[in-house]
Amino acid sequence: MRSSRQIHAWLLLLPALCLLVAFTHYPVIKTIARSFFGFGTRWEGKASLDNYRFLLEDDVLMQVLFNSFLYAAITVPVSIILAIAMALWVNSKMVGRGILRTAYFTPTVLPMISVANIWLFFYSPEIGLLNKLLGLVGHGGINWLGDPSVALYSLMAMTIWKEAGFFMIFYLAALQTIDSNLYHAAAIENASKWTVFKRITFPLLMPTTLFVLVNALLNAFKLVDHLFILTKGGPNNASNLLLYYIFENAFSFFDTAYAAALTVLLLSILVVLALVQFGVIEKRVHYR
Amino acid sequence: MSSFLRVAGLRRIYDSVAAVDDISFEVNKGEFVALLGPSGCGKSTTLKMIAGLEQPDAGSIEIDGSDVLAKTPGKRNLSMVFQSYALFPHLSVKENILFGLKARKVAKKEQKTRLASAVAMVDLEPHLNKKPGQLSGGQSQRVALARSIVSNAPLCLMDEPLSNLDTKLRADMRSEIRSLQKKLGLTVVYVTHDQIEAMSMADRIILLNEGRVEQAAVPESFYNEPGSTFVASFIGHPPMNLVSHNDFQLGVRPEDVAVTDGNGNGVDVIVRECDYQGSETIVTTDYQGSVIRACLPGKRSLQEGSRVQLQWLPEAEHFFDKQSGQRVDRNSVPPFQFTSSNNNTYSGGI
């Protein structure tokens, strides 16, 4: 009886397990193995730390890592703050809020590739919308994607534009679960709008913020589609991000072994981030 | 005594339906007034308008002699206890109680003394550091009360504060709230649909019906002298029996009805149901198509379908105008004649 239940359970788990093993666990193990045993596209007989040693000497990697962290450090908080602001605004009673909600959500619906193509028109040096607007006020224009000191920030602006609407939906849903009597009680106590936000709304949104934070950070490291369209990591790696650098190593330079080592590095960064988030922040989050 | 709260001609219209339709009343300083009525009678809307959480379409509200309509809720110098308690789930009991004082930037030392006295009054000392999620219904209720007490506001609005508690706790809290109110000299407007709460706690009851004041009086006159058929059928467990006759309706409380066997002088009825409720039995009878209930002490079982006679004293009779439903003086009504099977007539009284 007990063993037949066991078999039953395993059979039910099998389909999902097959997919997970084939597309997640096996690739992860193979990647780790390759980072130790590989050289270029070949396998070598004995394990070595050469690929990892090279990580430390790679100046481009340092640049890419710095870019990636800067990218996350700016896009994540800015999109979260914007998302909360938009959600608070769209949640208030006003005419046309349905249209406003849709408008804010539209960037999320679009695929990253098409978004990047739209922004390519904005950012083009000669015919681009932004430079045309700057031309109206007599400015000579900025090479948004070609100037190494600007390119990464141009990418960030686009990412924030795309992500904030998505996170707004979560905040909007969370706002609507807050009991309106809490706001009535606060109004009776003559609490200012800022006090209400600081002491009621924001703390009650913390579970959502944690969720959004995890997603936003993962996305900051995961999203690279727009790099293919906009900058290809250039100029001179000024806008290169870790995942795109892995892609370059694996499929442009055909150094799959080094790409594997880079992947292990990316995985470790993500694991550490996730642990920090759940460990530190969850203690300070109130769950109902 | 001067009136502390004065509400005049208050009106609130939702989607062309008047939820509150020309309500006026006054509450004296230190008085406990219950706004009683069935759901949808406009009692909660009235309370929210007094609090400033809703704006009236017409009418005026004065608190302590000054017009408050233009003031925000926080400037009206009142406190409010909500039906759902409206405790902040992420804040501890202590922080919940102190929320208003912090929002109003009351000095730290003052906060401390007010907190201590409020907490002592409602016995919350052991729970100060708990979150609302860890409290029982009664404890949550006390936190809501404490929050109201620390504000030191002279006027306290309560919106069905006991409706989420079980029967026994409700009875305890009734007397507790009442004694707190007396001790602090609070002026209380208390919204409820429960006539027992209104009867037992209030100095005065204002009964609302369809957005209007149906009767405003001390509790005992609701029972002894209901002003209309609505009041008569709302107050009492079970409510007053109403039998129509010519241009009038006769009302008799079930507690005033006696049941005898079918041979004496009384109203002939057929027993429909006996509902035993512990201390009493409610007998439902049929008098020529209309229902008359009798409330008898102890356990009584009468055969369903059997014929019995009902009797009551003339003093127990109330009369109402059939058209308007308003109470009319007993002396202006011709005596009621009930036909009985043995051709005797019965005109009330034993």
Side-chain angles (χ1 to χ4, degrees), chain A residues 80-81 83-84 87-88 91-95 97-98 170-214 277-288, chain B residues 44 47-55 68 71-92 95-106 111 131-134 140 143-153 155-161 164:
Chain A
I80 287 178
I81 291 167
I84 294 178
L88 286 172
N91 194 40
S92 58
K93 283 181 194 149
M94 61 175 190
V95 187
R97 65 173 176 177
F170 293 107
Y171 280 114
L172 195 56
L175 280 176
Q176 282 166 359
T177 63
I178 298 179
D179 181 6
S180 62
N181 275 330
L182 297 184
Y183 293 116
H184 288 160
I188 299 261
E189 305 290 4
N190 203 26
S192 65
K193 278 192 169 160
W194 172 243
T195 307
V196 169
F197 177 75
K198 191 179 63 174
R199 297 213 61 205
I200 304 175
T201 310
F202 189 68
L204 290 178
L205 290 177
M206 270 314 269
T208 311
T209 303
L210 176 66
F211 174 79
V212 166
L213 194 61
V214 172
Q277 281 178 342
F278 283 108
V280 176
I281 300 174
E282 190 144 346
K283 281 201 191 84
R284 303 179 51 184
V285 172
H286 153 77
Y287 279 103
R288 265 160 294 179
Chain B
S44 283
L47 199 73
K48 280 186 183 152
M49 286 191 285
I50 297 172
L53 300 172
E54 287 209 27
Q55 285 303 312
V68 295
K71 291 183 181 174
T72 58
K75 295 262 157 67
R76 296 189 179 194
N77 204 12
L78 48 81
S79 63
M80 189 161 176
V81 177
F82 293 85
Q83 178 172 11
S84 61
Y85 315 135
L87 303 182
F88 306 116
H90 56 293
L91 299 181
S92 66
E95 288 300 314
N96 261 287
I97 298 172
L98 285 176
F99 183 90
L101 300 185
K102 285 190 174 170
R104 289 180 197 276
K105 302 196 168 58
V106 172
Q111 285 185 19
K131 293 276 177 74
Q134 299 165 280
S140 305
V143 179
L145 283 175
R147 203 164 58 175
S148 171
I149 293 167
V150 285
S151 75
N152 276 0
L155 176 62
C156 179
L157 309 177
M158 301 196 182
D159 188 5
E160 310 225 13
N164 290 342

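For clarity, every value in this text was computed on a predicted model and none was experimentally measured. Order of the sequence lines fixes the chain letters, A, B, ..., with proteins taken first and strands second; residue numbering starts at 1 for each chain.
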Next item on the list: Quick one: pull up OG1 in Thr72(B) and CD1 in Ile188(A) and give me the separation to the nearest 0.5 Å.
Entry: 10.0 Å
Note to self: Let me confirm one number: the CZ-OG1 distance from Arg104(B) to Thr195(A), rounded to the nearest 0.5 Å.
What the structure shows: 11.5 Å
Next item on the list: Quick one: closest heavy-atom pair of Ser151(B) and Glu189(A), and the distance?
Entry: CB-OE1, 4.5 Å
Next item on the list: Give the member of Lys75(B), Arg76(B), Lys48(B), Lys105(B) that has the highest number of heavy-atom pairs under 4.5 Å with chain A.
Entry: Lys75(B)
Note to self: So Pro89(B) and Leu182(A), do their side chains get closer than 4.5 Å, heavy atoms only?
What the structure shows: yes
Notebook entry, point to check: Measuring heavy-atom distances to chain A, does Phe88(B) have an atom under 4.5 Å in its side chain, in its backbone, in both, or in neither?
Noted result: both
Note to self: Take a 6.0 Å sphere around NZ of Lys71(B) and say whether it holds more than 12 heavy atoms from other residues, nucleotides or ligands.
What the structure shows: yes
Next item on the list: Between chain A and each of Gly133(B), Ala51(B), Ser84(B), count heavy-atom pairs under 4.5 Å; write down the option with the most.
Entry: Ser84(B)
Notebook entry, point to check: Quick one: what part of Leu87(B) sits under 4.5 Å from any heavy atom of chain A, side chain, backbone, both or neither?
Noted result: backbone
Checklist line | Met206(A) side chain reached by His90(B) side chain, heavy atoms, under 4.5 Å | finding: no
Notebook entry, point to check: Under a 4.5 Å cut-off applied to non-hydrogen side-chain atoms, are Asn181(A) and Gln83(B) in contact?
Noted result: no
Margin query: Heavy-atom pairs under 4.5 Å with chain B - which of Ser192(A), Ser180(A), Ala185(A) has more of them than the others?
Written below: Ala185(A)
